[in-house]
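Data first, discussion second: the structure below is written as structure tokens.
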Number of protein chains: 2
Amino acid sequence: MTDKLTGAAGREYVANTIRQALRSGDLVPGQRLVELDLAESYGATRGAVREALQDLAAEDIVEIVPRRGARIRAVSVEEAVQITECRSALEQLCARKAATRADEEQRAELRLIGVDMRQAVADGAWDTYSALNQRLHELVIEASGQEVARRQLERLNGPMVRFQFRLALRPGRPAQSLPQHLAIIDAVAGGDPDAAARAAAAHLDDVIEQLKSSAAQTAAP
Amino acid sequence: MTDKLTGAAGREYVANTIRQALRSGDLVPGQRLVELDLAESYGATRGAVREALQDLAAEDIVEIVPRRGARIRAVSVEEAVQITECRSALEQLCARKAATRADEEQRAELRLIGVDMRQAVADGAWDTYSALNQRLHELVIEASGQEVARRQLERLNGPMVRFQFRLALRPGRPAQSLPQHLAIIDAVAGGDPDAAARAAAAHLDDVIEQLKSSAAQTAAP
DNA sequence: ATCAACGAGATTGTTGACAAGATGTTCCGA
DNA sequence: TCGGAACATCTTGTCAACAATCTCGTTGAT
């Protein structure tokens with residue numbers, strides 16, 4: 001039997017495990033997170049769990065109400081729209097800077113992602129497409145050199161996993177987003193800052209539309 | 001003698017007091033924050049202080065290195081520029097939305113702030129001008145209804161207080177920023193979203209210029 | 001004079017037990 | 001049957017002491 005995880009190590013481990021569980025759907029919004037339960041199932045001390053929950057609360061992933069414990073925070077559609085608007089503002093900034101600052105290696109990887117994305121959509125390889133999508137956004141942010149924006153965007157994504165999940169499942173979604181992603185790639189790799197910002201904005205405006213229509217769909221009886 | 005502040009109450013009190021001390025210059029970047037010292041001088045328990053420091057670390061105001069304690073984080077000019085770029089992106093979003101969503105009361109207060117600002121600059125009332133400036137930014141964000149952006153902007157401002165301080169002191173600064181502020185007011189109150197975003201961007205681009213030139217000034221021998 | 005090893009004191013990290021609040025259950029009276 | 005008072009249980013919050021680690025000044029050898 002291994003020792004209990006404690007302090008910094010356990011804190012990070014517990015937080016990561018909960019984030020993971022949220023992505024995989026093992027934890028659903030509203031679910032209670034009892035300190036002792038988590039401590040036992042993850043083999044950590046209660047102290048480590050408490051600290052991990054504080055971290056997750058700072059990321060707006062869980063909600064802690066005094067004397068009543070922590071639960072996974074539910075994100076309303078309205079809030080998801082606002083989060084995506086902020087993402088749009090920050091990703092426009094990153095795309096614009098990336099267009100001028102990216103080095104040749106980064107531009108080459110961007111173009112390669114474009115090629116692979118076309119292929120993935122043609123093949124119906126949704127998992128591959130999703131991974132490429134994520135790498136594309138990462139790479140644009142990385143190439144921009146905007147560390148502050150990178151941290152902000154990471155934070156914004158935390159509570160959104162559930163929505164991204166629902167959206168990616170919609171039929172025909174990859175075919176719709178592919179040209180938008182290609183436009184971002186062309187503009188950034190081609191070194192056109194204004195076009196890059198416009199392409200990023202167009203893409204995220206479309207995500208917002210999807211979110212809103214998913215709200216209407218959910219509300220229907 | 002009152003009881004020691006404990007838990008949630010003490011935590012918030014200590015965090016606020018440190019934020020305040022930073023604004024007023026009582027704490028300088030790099031300064032160590034020893035838990036027991038803070039506990040005694042603020043009349044709180046060490047536990048409350050620890051939690052407050054965690055909160056401040058989540059806001060990037062202090063830096064905690066394991067086993068070595070917390071210190072006020074220093075913000076480089078480069079990072080200040082990046083922070084301001086993010087502020088620019090988010091405030092453009094808010095200004096744009098505020099231009100269409102502000103109600104009549106809010107537009108009236110905006111116009112009033114414009115009048116008062118002119119007067120403050122004419123009178124050389126720098127404190128008044130600074131307060132109006134802060135209220136202007138608050139009001140635009142409030143009128144936008146963008147709660148997520150509001151929280152992000154709050155976070156971004158935390159580590160910046162020192163720089164704002166240095167900037168506001170530069171001679172002729174209010175006269176320079178006044179027309180920019182008036183342009184924001186006109187566009188938002190007048191209901192022109194694109195002009196509002198442009199005005200906000202122009203204002204923050206100018207702040208970035210000031211930051212960069214202040215770097216050059218500091219570097220000079 | 002420089003440097004490494006050492007140790008005392010200072011400071012943070014961790015633990016386990018207890019206090020206190022919230023939640024759920026039972027049981028009594030109307 | 002319903003309402004609610006009293007009780008039992010679950011869960012989080014707090015504390016004080018202890019353990020682990022770091023800092024810094026001292027000493028002694030080269």
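Computed from a prediction, not measured in an experiment: that's the story for all the values here. Throughout, a chain's letter reflects where its sequence line sits, starting with A, and its residues are numbered from 1. Reckoned from all heavy atoms, side chains included, excluding hydrogens, waters and symmetry mates.
Here A:D26 contributes atom CG and A:I18 contributes atom CD1; the two are 12.0 Å apart, rounded to the nearest 0.5 Å. Once rounded to the nearest 0.5 Å, the distance linking CD1 of B:I141 with CD of B:Q152 reads 11.5 Å. The distance from atom OG of B:S76 to atom CD of B:Q82, rounded to the nearest 0.5 Å, is 8.0 Å. Taking CZ of B:R46 as the start and OG1 of B:T6 as the end, the distance is 13.5 Å to the nearest 0.5 Å.
Within residues 9-16 of chain B, no residue approaches DNA chain D, by heavy-atom distance under 4.0 Å. Annotation: proximity of residues 37-55 of chain A to DNA chain D (heavy atom, distance under 4.0 Å) is found for A:R46, A:R50, numbered in ascending order.
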N/O donor to acceptor pairs below 3.5 angstrom from side-chain atoms of residues 125-135 of chain B, sequence neighbours left out:
| unit_1 | atom_1 | unit_2 | atom_2 | d |
| --- | --- | --- | --- | --- |
| B:Y129 | OH | B:S177 | OG | 2.7 |
| B:Y129 | OH | B:L178 | N | 3.3 |
| B:Y129 | OH | B:H181 | ND1 | 3.0 |
| B:N133 | OD1 | B:H137 | NE2 | 3.2 |
| B:N133 | OD1 | B:H181 | NE2 | 3.3 |
| B:R135 | NE | B:E109 | OE2 | 2.8 |
| B:R135 | NH1 | B:E138 | OE1 | 3.2 |
| B:R135 | NH2 | B:E109 | OE1 | 3.2 |
| B:R135 | NH2 | B:E109 | OE2 | 3.1 |

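The residue B:L33 sits close only to the backbone: its heavy atoms come under 4.0 Å of sugar-phosphate atoms, none of a base.
Rounded to an integer number of Å, the gap from CD of B:E35 to C1' of D:dA16 is 15 Å. Atom CG of B:L36 is separated from atom P of D:dC15 by 14 Å (rounded to the nearest Å).
Residue B:T6 places no side-chain N or O under 4.0 Å from the OP1 or OP2 atom of D:dG13.
Remark: A:R73 engages A:E79 in a salt bridge, criterion side-chain N to carboxylate O under 4.0 Å.
The side-chain contact (heavy atoms from CB on, under 4.5 Å) test applied to B:Q176 returns B:R173, B:D206, B:Q210, not counting sequence neighbours. B:D55 pairs by the salt bridge (charged side-chain N to carboxylate O under 4.0 Å, His left out) definition with B:R11, not counting sequence neighbours.
Checking each of A:L93, A:V140, A:L90 against A:Q146 for a side chain to side chain contact (heavy atoms under 4.5 Å, CB included) leaves exactly one that passes, namely A:L93.
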Could you go through nucleotides 20-23 of chain D and list every protein N or O atom that sits under 3.5 Å from one of its N or O atoms, giving the distance for each pair?
| unit_1 | atom_1 | unit_2 | atom_2 | d |
| --- | --- | --- | --- | --- |
| D:dT23 | OP1 | B:R68 | NE | 3.1 |
| D:dT23 | OP1 | B:R68 | NH1 | 3.3 |

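Annotation: side chain of A:L136 is in contact with side chain of A:M117 (closest heavy-atom distance under 4.5 Å).
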